[in-house]
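Have a look at the structure below, then the notes.
Convention: sequence-line order gives letters A, B, ...; per-chain numbering from 1. Keep in mind that this is a model prediction, so the values were computed, not measured.
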Protein chains: 4
Amino acid sequence: MGAVKTKRMPRAVREQQMLDAAVEIFGQRGYMAASMDEIAELAGVSKPLVYLYLNSKEDLFTACIRREASALVDAVRSGVRTDLPADRRLWDGLLAFFAHTAAHPHAWSVVHLQARTHGETFAAEAAAMREEIVAFVTHLIAVGAREAHRDPDLPEREVAGLAEALVGAAESLAVWANATEGVTARQAAATLMNFAWAGLGDLTQGRSWSPPPAADDVGHA
Amino acid sequence: MGAVKTKRMPRAVREQQMLDAAVEIFGQRGYMAASMDEIAELAGVSKPLVYLYLNSKEDLFTACIRREASALVDAVRSGVRTDLPADRRLWDGLLAFFAHTAAHPHAWSVVHLQARTHGETFAAEAAAMREEIVAFVTHLIAVGAREAHRDPDLPEREVAGLAEALVGAAESLAVWANATEGVTARQAAATLMNFAWAGLGDLTQGRSWSPPPAADDVGHA
Amino acid sequence: MGAVKTKRMPRAVREQQMLDAAVEIFGQRGYMAASMDEIAELAGVSKPLVYLYLNSKEDLFTACIRREASALVDAVRSGVRTDLPADRRLWDGLLAFFAHTAAHPHAWSVVHLQARTHGETFAAEAAAMREEIVAFVTHLIAVGAREAHRDPDLPEREVAGLAEALVGAAESLAVWANATEGVTARQAAATLMNFAWAGLGDLTQGRSWSPPPAADDVGHA
Amino acid sequence: MGAVKTKRMPRAVREQQMLDAAVEIFGQRGYMAASMDEIAELAGVSKPLVYLYLNSKEDLFTACIRREASALVDAVRSGVRTDLPADRRLWDGLLAFFAHTAAHPHAWSVVHLQARTHGETFAAEAAAMREEIVAFVTHLIAVGAREAHRDPDLPEREVAGLAEALVGAAESLAVWANATEGVTARQAAATLMNFAWAGLGDLTQGRSWSPPPAADDVGHA
DNA sequence: CATGAATGAGTTTTCATTCAT
DNA sequence: CATGAATGAAAACTCATTCAT
């Protein structure tokens with residue numbers, strides 16, 4: 001499992017090996033439970049070298065988040081062709097997303113779970129990436145509405161909430177798919193696409209569900 | 001904030017005070033960063049007493065997860081009346097869910113975030129509760145389909161995926177609502193309900209989105 | 001040498017034991033070369049206890065400096081009776097000083113050497129005590145001049161320099177006496193007293209040595 | 001500040017550059033807090049080269065002490081002309097001493113402070129030089145007594161103590177002058193000369209201060 | 001010669017946990 | 001019951017020092 005003990009590698013290569021090891025350990029044990037000793041051992045180097053290249057546990061973790069967040073965003077972007085219609089673009093994006101999170105479960109754990117549970121600094125780092133994805137999805141929803149030639153003025157705030165819900169659902173499904181034996185990226189994407197596109201279609205066509213009067217909200221503290 | 005230092009309380013009460021303190025600290029600092037010293041101090045008792053009643057940090061954390069998970073499930077259950085139609089039941093459930101998570105942010109942090117980021121044991125504990133909620137939603141979807149008198153045979157696996165997506169979206173929205181100034185439980189519920197019920201409605205009526213052939217899945221590692 | 005391993009001592013006592021050990025180690029090895037491990041072992045306690053009571057290596061060192069500086073000043077003060085003439089007071093002060101530094105060589109090393117070689121913070125701590133001693137000596141010189149009924153207006157700046165030189169000479173002699181076999185406190189005091197009081201006497205009576213014109217200062221960079 | 005990066009300098013030159021850097025860093029940070037990395041960087045050479053030329057941190061420090069101690073002794077010697085009377089020789093020596101320590105504060109810190117606070121080995125190195133100076137002063141005192149044609153038999157032991165006190169006072173004044181804004185070498189020398197020569201004069205002429213009977217020594221531990 | 005790559009050994013510090021009273 | 005006293009075990013981080021190129 002650990003990298004083969006090879007001597008005298010150029011710095012850039014060693015750094016990637018260290019990040020590989022760190023992502024695996026951080027993803028498995030969590031940020032705090034992960035020990036630099038373990039990471040160094042898995043990377044096949046001594047601890048001082050890790051500190052020489054990555055400075056501190058915090059910096060190492062930040063570097064992991066950045067690398068994996070970028071990799072995920074890139075994967076989604078590369079999966080989408082801008083010359084296709086909106087629904088197809090959403091589908092391709094979801095597929096790429098679920099494929100990447102399935103292929104790199106530790107990375108997904110780091111970016112989605114660990115980064116968000118250990119302080120604002122790390123959370124902000126991951127949030128930056130998430131925003132890119134949310135923006136991408138928001139754009140697709142708006143375009144989708146326009147392509148359907150209906151309700152071109154779906155209110156912005158509403159769209160933001162929908163995008164948030166859609167991305168949230170995707171994130172949760174990714175965790176679920178990783179944890180559940182036998183669920184493929186395609187299946188996860190299909191489930192969500194079905195769920196989402198129909199609902200979005202309805203909305204863009206003016207059909208919506210109306211809540212009962214606020215009175216019955218009372219009683220929940 | 002910490003319980004007033006009173007002598008000779010019945011064990012059950014003292015235990016609840018300790019759990020209150022523990023939930024607050026665990027929710028704020030995270031499992032590992034929380035120190036037993038701090039918890040004991042906030043609870044207004046001596047450290048050995050915490051150990052006498054709760055055995056260990058792990059057991060204490062587990063007890064927190066169990067108590068808060070149950071409280072959340074109970075809150076959702078109490079919010080729903082079985083004599084109402086499915087869509088209304090879903091609405092009421094969501095409302096109760098968002099209201100509870102907003103009212104107890106530390107508890108929600110413990111159950112949703114901390115429990116899932118510090119090892120399988122704790123994750124399993126939280127997963128048990130989650131399953132109850134997923135089952136509840138699954139039931140609602142099935143009933144909803146039946147009430148609509150259409151497609152009574154929506155495949156089980158499909159329904160499971162939909163419930164999972166819906167619950168996942170709700171969880172994400174809860175985090176988002178807690179973190180975003182000015183988003184009420186009602187608004188969060190409305191956003192999700194709109195999104196979900198329309199999509200579900202379509203599905204139960206046989207309209208669905210068809211993915212392109214699997215060939216283009218290739219290339220995503 | 002190390003304190004006998006006794007269990008369950010009151011905090012105040014343990015703290016003194018720790019300070020005793022710390023002074024010995026710091027005095028012997030120097031601040032940086034001293035390890036908390038060694039100090040704890042010599043004190044007969046575990047390292048965590050040292051940290052529980054003294055917080056950090058810096059705080060521990062500061063506590064040592066304060067305790068030993070106070071002890072030295074107190075020793076000198078207690079050795080002097082205000083109802084005696086100035087020369088006798090100076091003699092008694094010197095005697096007390098050399099006796100104390102000889103009896104507590106590690107403490108003297110800490111206060112005089114270590115405190116001054118490891119950063120401004122520690123140096124300031126020791127300087128505070130030194131100032132008390134310098135002030136005491138300055139006072140004695142002034143009083144001595146007055147008692148001699150001559151030159152009551154010895155300039156302040158001059159007196160300050162003299163006190164500084166006298167204290168400096170005493171400090172150096174203390175180190176020398178500690179390092180040289182067979183030099184007693186009495187002898188050290190006598191040497192310095194002889195040297196100083198005669199010189200001071202001359203000065204207070206207007207005899208002084210006149211340097212040659214400044215021209216020949218040139219050439220020394 | 002650091003030497004300009006030039007290639008292929010003769011070994012002797014490179015060594016001096018390294019020592020320059022080392023003295024600066026050791027003087028500023030102290031022996032233990034100084035890092036070989038920092039020294040190598042300031043010297044403008046790679047770390048392995050420092051080891052190639054100077055062997056180890058200990059050896060490097062020793063080399064610094066030796067070089068700077070010699071430089072100081074040389075400075076004092078060069079400042080003194082043997083054809084002048086004793087008092088003038090003492091004055092010139094002091095002037096050279098204070099001028100040198102003021103011009104090379106890091107060097108003075110290394111020789112006087114650092115060398116004495118980090119173990120016997122280094123202390124002995126510095127002590128060797130100090131002895132030369134003490135011998136020089138001892139000689140001056142003896143000659144001074146003879147020139148005054150009185151008490152040619154001032155006991156040796158006494159003279160040694162006096163020389164020690166004088167040198168100690170000079171050392172302390174040097175530190176004080178370096179730390180105090182606006183004190184020139186001339187002023188420091190004048191203060192000490194005045195203080196010392198008068199006192200010595202008295203002594204060489206048989207006037208001395210007599211301590212009270214030893215009885216009252218009792219009680220100082 | 002010169003240097004980038006690499007590490008063994010040690011440092012300070014923290015924490016969950018347990019006795020003795 | 002309640003608590004002050006105490007610790008074993010481990011974690012993050014640093015540094016003098018050495019090869020291979």
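Heavy atoms only, all atoms of each residue included: A115(D) and I65(D) are closest at CB-CD1, 3.7 Å.
Listed by first and then second residue, the salt bridge (Lys or Arg N to Asp or Glu O under 4.0 Å) pairs that reach into residues 42-59 of chain B are D37(B)-K47(B), sequence neighbours excluded. For residues 119-129 of chain C, the side chain to side chain donor-acceptor pair (under 3.5 Å) pairs, not counting sequence neighbours, are R66(C)-E125(C).
Per the geometry, CG belonging to L52(D) stands 8 Å off C1' belonging to dC1(E), to the nearest Å. Atom-to-atom, CZ of R29(A) to P of dA12(F) comes out at 12 Å; the value is rounded to the nearest Å. Summarising the geometry, the separation between CG on L54(B) and C1' on dA2(F) is reported as 16 Å, rounded to the nearest angstrom. At whole-Å resolution of the value, CD in Q16(C) and P in dA5(F) are 15 Å apart. Per the geometry, CD belonging to E41(C) stands 14 Å off P belonging to dT12(E), to the nearest Å. Distance L49(A) CG to dC13(F) P: 16 Å, rounded to the nearest Å. Atoms CD (E15(C)) and C1' (dG4(F)) sit 14 Å apart, rounded to a whole Å. Whole-Å rounding puts the Y53(C) OH to dT7(F) C1' distance at 12 Å.
Judged as a ring pair (Phe, Tyr, Trp, His ring centres under 6.0 Å), and not counting sequence neighbours, the contacts of F122(C) are Y31(C), F61(C). With sequence neighbours left out, the side-chain contact (heavy atoms from CB on, under 4.5 Å) criterion links H106(B) to V23(B), E24(B), Q28(B). Residues satisfying the side-chain contact (heavy atoms from CB on, under 4.5 Å) criterion with A128(D), sequence neighbours excluded, are absent altogether. Considering only residues two or more places apart in sequence or on other chains, A71(C) meets the side-chain contact (heavy atoms from CB on, under 4.5 Å) condition with E68(C), H100(C). Under the side chain to side chain donor-acceptor pair (under 3.5 Å) criterion, R67(C) pairs with Q16(C), D20(C), not counting sequence neighbours. Residues passing the side-chain contact (heavy atoms from CB on, under 4.5 Å) test with M32(C), sequence neighbours excluded: H118(C), M32(D), A33(D). Not counting sequence neighbours, the partners of R130(D) by the salt bridge (Lys or Arg N to Asp or Glu O under 4.0 Å) test are E164(D), E171(D).
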TODO: Can you run through DNA chain F from 5' to 3' and write each base as (, ), [, ], | or . depending on how it pairs? Watson-Crick or G-U wobble, both distances under 3.5 Å.
DONE: .||||||||||||||||||||
Task: Protein-to-nucleotide contact annotation, 5' to 3' order, nucleotides 15-21 of chain F [B base; S sugar-phosphate only; - none; under 4.0 Å, heavy atom] - done: BSBBBS-
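S46(D) has a side-chain polar atom (N or O) that falls below the 4.0 Å cut-off from OP1 or OP2 of dT3(E). At least one side-chain nitrogen or oxygen of R14(A) sits closer than 4.0 Å to the OP1 or OP2 atom of dA6(E).
Between L72(D) and H104(D), the closest side-chain pair of non-hydrogen atoms is not below 4.5 Å.
Near-neighbour residues of DNA chain E inside residues 115-125 of chain B, defined by a heavy atom below 4.0 Å, are absent.
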